[in-house]
Amino acid sequence: MKTILVVDDEKMILRLATEALESHGEGFNVITALNGKQATQLLSSSKVELVLTDLKMPVMDGYELLSYMSKNYRDIPVIVMTGFGSPEIAKRLRQKGILYYIEKPFEISALREKVSDVFTAKSKGYIHGFTLANFLQTVEVEQKTTTLRVSAKGRVGYLHLENGDLMDAEAGNLKGERAAIEILCWDNAEIEIQVLQNRKKTIESSMMHILLEASKIKDEKGAGIASPQDEPLEDAIRLAEGHHFKKAQEIIAKYLKSNPRTYLGWLWYSRIIVTMKSIEASLSNAGKLAPKDPEIAEEIRKLNLAKQNLPADAQIRRCPFCWCPMEIRTVQCPYCKTHLFIHSRFFKSLGTANRKVLEAAVERYMKVIGGEKNINAHYFLGIAHLNLENWEEALNLFHKTVKLAPDKKIFSEQLRLLLNHMAMDSTTVAFEKQVAEKEQEQEKTEEEQSQKEVKPADNKPVKKKVLVVEDSSTTRKVIAITLAQKGYEIIEAKDGLEALSRLNEEKPDLVLLDIILPKMDGYKILSIIKGNAVFKDIPVIMLTSRDSFMHKVKGRLAGSTAYLTKPFDPKVLVDTIEKHI
């Protein structure tokens, strides 16, 4: 029985779709999700063969889910359900490779028909009895529009054709023409016809040129010359992306001795060596083997820029985002304009970096982190997000980096600089928005995990608890990470009523209390705490943007232990807490 995942925040739609599909024909197994985040969890735990999704949803909307699926579950077809049908939305969906959508409210018969259409298209299945080259020539002659999923020996690639024209291709790290040639070099390939995943045209060469190039490489492979992407080179690239440069250099140097006509090997070798003469020689070899390759041309532009800027005796490092050679003390890459670490001018000069380079670097480092516990990957992923002004991701990654390498002072110092900036500039609107959107989702996740987990007893010292009562998500996040670095357990509350509830549940050792709060202000909460025999001895530090003498006096008279003004210095915050806890 086929499993269909239906994603919509309207429970009535979920119920109607479930009833319509489970009772149709042989019947389907229908599972449901209220948002994109829940859908990603079900995709990882269930064998889903079709997804029906709404576009407008909380937590993670339909467009985000489609982007996630295009990277992780591209073989699963999608039908979009939307109450906002328009030519613009249809165009946007086609750009994401979505050719099926249905407008709400829909008729049950229309939904069933759309589902049948998708499974009929999918059931065209695999092509047998043709070589890939012969089949591509047939597609070109008949001017077919399709995406071909090609698999061989655990490798998977995609060829995207529109009206017989090869538009784009993907295979591992390769894109465009290089990917198409790589796929055509695979032996005993299995071909599956899929609905076209609309792509921008990246391949300018003719089909015949690509077929001839692939044939030439296969012939050379038969004579003992390796294809552009065999296992040793893949291992070396993976190591280089994870900053294991010495090992990667050893593998590629050995590889190139027996495979000197592999341009990809020379390209990657040029990225992991640090002498200008060797870099230039490697790129020269790569350029001779693939004179029209755009990636090699870009690396040569980086080299020429470096030659203009670097003194003859300079010590060289590589940009961790675009691989440009640069002087070892450089703070901003001269090519992609990414700031490489937090420095004195960092927060005043954001927004200059090349977003395309950074987005590619984010994808690369995410892949590295998925395969190993890599401190450098966490750190540079955080720096990439910071350059993109993704504040929450950056802060979390810096925090994770410090936890992975607590003895490395440089990472602790970078986290401190970020916390200081965010504490002194609590108007970081982008960060505030990100946190607010994800807060509800995180609370739910934590609740689910706490229900599942049974924590074993241990003899570790009990951490001091600090209750942070603050309606600003930004300020709460900054305080939480600052104090977690000092070994405190943090309890959070975003308004007065929640604060009193957490106070009763957790029995904190100290309370950090904002004055201006929704539902109940800080003075009222303070009077309740001090009027309760159980809680009256808990020290309370008032934390507010009100800096007048009268407010300080009012706080003292109400029983506060100390008074801090926002924006605050994290060091002063920690010193004040340690003085009174």
Side-chain angles (χ1 to χ4, degrees), residues 240-243 245 271-272 274 298-299 301-306 308-311 314-369 374-402 404-405 408-434 474 477-478 481 567 570:
E241 290 178 335
H243 289 225
F245 297 124
R271 288 172 168 171
I272 58 177
V274 291
E298 186 175 22
E299 293 300 311
R301 287 195 292 272
K302 295 172 192 174
L303 175 65
N304 291 334
L305 179 64
Q308 293 172 16
N309 296 332
L310 289 173
Q315 286 185 287
I316 294 173
R317 63 178 293 199
R318 309 310 289 268
C319 173
F321 306 102
C322 75
W323 306 101
C324 179
M326 57 191 180
E327 206 271 329
I328 198 166
R329 292 169 295 181
T330 302
V331 300
Q332 183 180 20
C333 175
Y335 188 81
C336 69
K337 304 301 181 185
T338 301
H339 293 271
L340 308 179
F341 56 90
I342 300 176
H343 52 83
S344 59
R345 302 185 307 279
F346 186 92
F347 296 107
K348 294 181 180 179
S349 51
L350 289 174
T352 59
N354 185 315
R355 293 190 68 88
K356 186 177 179 181
V357 168
L358 285 173
E359 287 165 359
V362 166
E363 185 175 341
R364 184 169 74 242
Y365 285 125
M366 285 293 291
K367 184 174 67 175
V368 172
I369 288 172
N374 190 303
I375 298 166
N376 285 325
H378 276 91
Y379 174 70
F380 286 120
L381 183 57
I383 288 290
H385 277 300
L386 209 48
N387 276 272
L388 290 167
E389 299 185 66
N390 297 333
W391 298 95
E392 183 186 11
E393 286 88 346
L395 187 57
N396 288 336
L397 284 159
F398 273 45
H399 189 206
K400 181 65 177 292
T401 303
V402 171
L404 288 172
K408 296 289 182 72
K409 291 185 179 179
I410 185 171
F411 297 137
S412 299
E413 177 63 13
Q414 290 279 286
L415 176 59
R416 186 188 69 79
L417 291 170
L418 178 56
L419 288 168
N420 282 354
H421 170 75
M422 296 183 71
M424 298 301 288
D425 183 21
S426 294
T427 58
T428 311
V429 177
F431 177 79
E432 189 81 58
K433 183 180 178 183
Q434 292 168 24
T474 305
K477 189 80 172 180
V478 170
I481 291 182

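The structure displayed is predicted, hence computed values, not measured ones.
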Q. Just by distance, with hydrogens left out, do Gln414 and Tyr379 show a side-chain donor and acceptor under 3.5 Å apart?
A. yes
Q: Answer yes if the side chains of Asn396 and Lys477 hold a donor-acceptor pair under 3.5 Å, and no otherwise.
A: yes
Students often mix this up, so state it plainly: with edges at 30° and 60°, are the rings of [X] and [Y] parallel, tilted or perpendicular?
| X | Y | value |
| --- | --- | --- |
| His343 | His339 | tilted |
| Tyr365 | His243 | tilted |
| Phe380 | Phe321 | perpendicular |

Q) Leu386 and Trp391: side-chain contact (heavy atoms from CB on, under 4.5 Å), yes or no, with the steps? A) CA-CA 6 Å; Leu386 209 48; Trp391 298 95; 3.9 Å; yes
Q. So which of Arg318, Lys367, Arg271 actually passes salt bridge (charged side-chain N to carboxylate O under 4.0 Å, His left out) with Glu241?
A. Lys367
Taking [X] for its side chain and [Y] for its backbone only, find out whether a donor-acceptor pair lies under 3.5 Å.
| X | Y | answer |
| --- | --- | --- |
| Asn387 | Thr338 | no |
| Thr401 | Leu397 | yes |
| Gln332 | Lys337 | yes |

Q. So do the side chains of Leu381 and Glu393 get within less than 4.5 Å of each other, counting heavy atoms only?
A. no
Q.
Could you check whether Lys302 pairs with Glu299 (Lys NZ or Arg NE/NH1/NH2 to Asp/Glu carboxylate O, under 4.0 Å)?
A. yes
